[in-house]
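What follows is one structure encoded as structure tokens, with my remarks underneath.
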2 protein chains.
Amino acid sequence: MSPAPDPRQRAWARFVVAQALLFERIEAAFGAAGLPELAWYDILWVLECAEGGRLRMHDLARQAVVSRSNVTRLTDRMEKAGLVARADCPEDGRGTVCELTARGRALRAKMWSVYRKQIDTLFGQHLGVREAEMISTAFERIIDSTNQRKST
Amino acid sequence: MSPAPDPRQRAWARFVVAQALLFERIEAAFGAAGLPELAWYDILWVLECAEGGRLRMHDLARQAVVSRSNVTRLTDRMEKAGLVARADCPEDGRGTVCELTARGRALRAKMWSVYRKQIDTLFGQHLGVREAEMISTAFERIIDSTNQRKST
DNA sequence: ACATTGTTATTGCAATTGCAACGACAAGAT
DNA sequence: ATCTTGTCGTTGCAATTGCAATAACAATGT
């Protein structure tokens, strides 16, 4: 899919390559700074956005776009590192809530300083404001369309 | 990074989420059709684009945006499946060339029919032509910028 | 109350990946 | 020719991931 004739397929091709290259660079930057991988950042960020810094595993998985079993292993390791804490859910005997710790918040802030620089250098630097806004709205449409299969 | 104030950071946030969701769906579609994973498609496509359907491992890894060791394992499995064939490189005693087989071409075509539908449904469907063109050029700039560190 | 069905989080296991180290060869200097 | 230095492709090993199966509980209907 290199000389794709259709502009939409062409856009997809660039999207795929850019994605691979950028994540590679970002992971390298985290590694060079002695910080954990991007997946941990995502978990920390989703938790920090949540009411009370806590979320049930199911919701955490969905919002971080990670498989159910994967979020279990991920939070296992993060709990060992003292970044999150798990506790039984009082409203649902099956459930578990995952809560951000102070240490988790601190690490996310530290990771963000590295992440932000990378996003700017590798991505934002090459976009005009109008372009960035267009990409936001377009991708938001795309994201919403994948979730439309349960509402109504 | 949800209510990101900066439009570029907002664009990045959507980019990350869309990427995860779309790849998840596409892999699921391949799996449901009894086809291999997307990584195999990428390798097949890069080879098919190459002169003579053959490429040295190093170039294959770079063009498919895969680590060196990973392309070795990937082509190991694909060779066992009869999709590619490896041979020593005549011009360089260290090198290995990886060549697409007829079976490999056939599988790529079959995978494309599934892949194409997914790209259209999940991605292209939600973009205007102007938007698609803008995304293509913007991401091309981004891709090019990551490679600029060796020329000159 | 009870049985049935669905959901939640976890785990075992196999498969995949990244990282560092390796052997084989090429390229350039002396 | 020899010696260093760098590159190519592969592999061992540890870590990570996906998939299917599981136990525990919720929700619904009878």
Side-chain angles (χ1 to χ4, degrees), chain A residues 19-21 23-32 34-43 46-47 54-81 84-99 150, chain B residues 19-21 23-32 34-43 46-47 54-81 84-99 150:
Chain A
Q19 177 269 330
L21 287 171
F23 285 151
E24 196 176 67
R25 296 295 184 101
I26 290 167
E27 295 289 12
F30 279 137
L35 293 170
E37 56 182 337
L38 183 56
W40 284 32
Y41 181 87
D42 289 336
I43 298 290
V46 169
L47 283 176
R54 52 222 263 73
L55 226 40
R56 288 189 50 173
M57 299 298 279
H58 179 264
D59 296 317
L60 182 54
R62 193 168 42 77
Q63 291 186 40
V65 196
V66 174
S67 75
R68 214 72 73 58
S69 64
N70 202 12
V71 87
T72 295
R73 318 293 174 101
L74 236 23
T75 53
D76 275 352
R77 291 170 232 144
M78 293 175 72
E79 190 169 29
K80 278 185 188 117
V84 301
R86 271 185 286 199
D88 290 345
C89 178
E91 301 132 350
D92 188 336
R94 300 164 296 181
T96 304
V97 290
C98 185
E99 184 173 358
K150 53 170 60 173
Chain B
Q19 176 269 332
L21 287 171
F23 285 153
E24 196 176 66
R25 296 294 184 102
I26 289 166
E27 295 289 12
F30 279 136
L35 293 170
E37 56 183 338
L38 184 56
W40 285 30
Y41 181 88
D42 290 336
I43 298 290
V46 169
L47 284 176
R54 52 221 264 76
L55 225 42
R56 288 189 51 172
M57 300 297 282
H58 179 265
D59 297 316
L60 181 54
R62 193 169 42 76
Q63 291 185 40
V65 196
V66 174
S67 75
R68 212 74 70 62
S69 64
N70 202 13
V71 87
T72 295
R73 317 297 174 97
L74 236 24
T75 53
D76 275 353
R77 292 170 229 143
M78 292 175 72
E79 190 169 29
K80 278 184 188 120
V84 300
R86 271 186 284 198
D88 291 346
C89 178
E91 302 133 350
D92 188 337
R94 299 165 296 181
T96 304
V97 290
C98 185
E99 184 173 359
K150 52 171 62 174

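Worth saying up front: this structure is predicted, and the values here are computed from it rather than measured. Keep in mind that the numbers below use all heavy atoms, side chains included, and drop hydrogens, waters and symmetry copies.
For the atom pair A/C98 SG and A/M57 CE, the distance stands at 5.5 Å (nearest 0.5 Å). Separation of atoms CG (A/L74) and CD1 (A/I43) is listed at 5.0 Å; rounding is to 0.5 Å. Taking CZ from B/R56 and CD from B/Q63, the interatomic distance works out to 13.0 Å, rounded to the nearest 0.5 Å. Rounding to the nearest 0.5 Å places CZ of A/R73 at 8.0 Å from CG of A/N70. In this structure, CE on B/M78 lies 6.0 Å from CH2 on B/W40, to the nearest 0.5 angstrom.
A straight line from CZ of B/R68 to P of C/dA20 spans 14 Å, rounded to a whole angstrom. The CH2 atom of B/W40 sits 13 Å away from the P atom of C/dA15 (whole-angstrom rounding). For B/H58 and C/dA24, the NE2 to P distance is 21 Å, given to the nearest whole Å. Distance A/R62 CZ to C/dT7 C1': 14 Å, rounded to the nearest Å. Atom pair A/E79:CD and C/dA9:P shows a separation of 14 Å (rounding to whole Å applied). Taking atom CG of A/D88 as the reference point, atom C1' of C/dT10 lies 13 Å away to the nearest angstrom. Computed from coordinates, the A/L74 CG to C/dT11 P distance equals 14 Å when rounded to whole Å. Atom pair B/D76:CG and D/dT11:P shows a separation of 6 Å (rounding to whole Å applied).
Base pairing in DNA chain D yields stems of at least 3 consecutive Watson-Crick or G-U pairs, both distances under 3.5 Å, namely C:1-30 with D:1-30.
Judged by closest nucleotide on DNA chain D, B/T75 is the one of B/T75 and A/R77 placed further toward the 5' end.
A salt bridge links A/D59 with A/R62; the closest basic N to acidic carboxylate O contact falls under 4.0 Å.
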Q: Would you give a per-nucleotide map of nucleotides 18-29 of chain D, 5' to 3', where B means the base has a protein non-hydrogen atom under 4.0 Å away, S means only the sugar-phosphate does, and - means neither?
A: BB----BBS---
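Counting any heavy atom pair closer than 4.0 Å across all strands shown, A/T96 reaches sugar-phosphate atoms only and no base atom.
No side-chain heavy atom of B/C89 sits less than 4.5 Å from a side-chain heavy atom of B/T96.
Looking only at distances, a side-chain donor or acceptor of B/E27 sits under 3.5 Å from a matching main-chain atom of B/L38.
Dashed line: the shortest gap from a side-chain N or O of B/R56 to OP1 or OP2 of D/dC8 is not under 4.0 Å. Under 4.0 angstrom from either OP1 or OP2 of D/dT10 there lies at least one side-chain N or O belonging to B/R86.
Checked by atom type, the side-chain pair B/R86/B/T75 shows a donor-acceptor distance below 3.5 Å.
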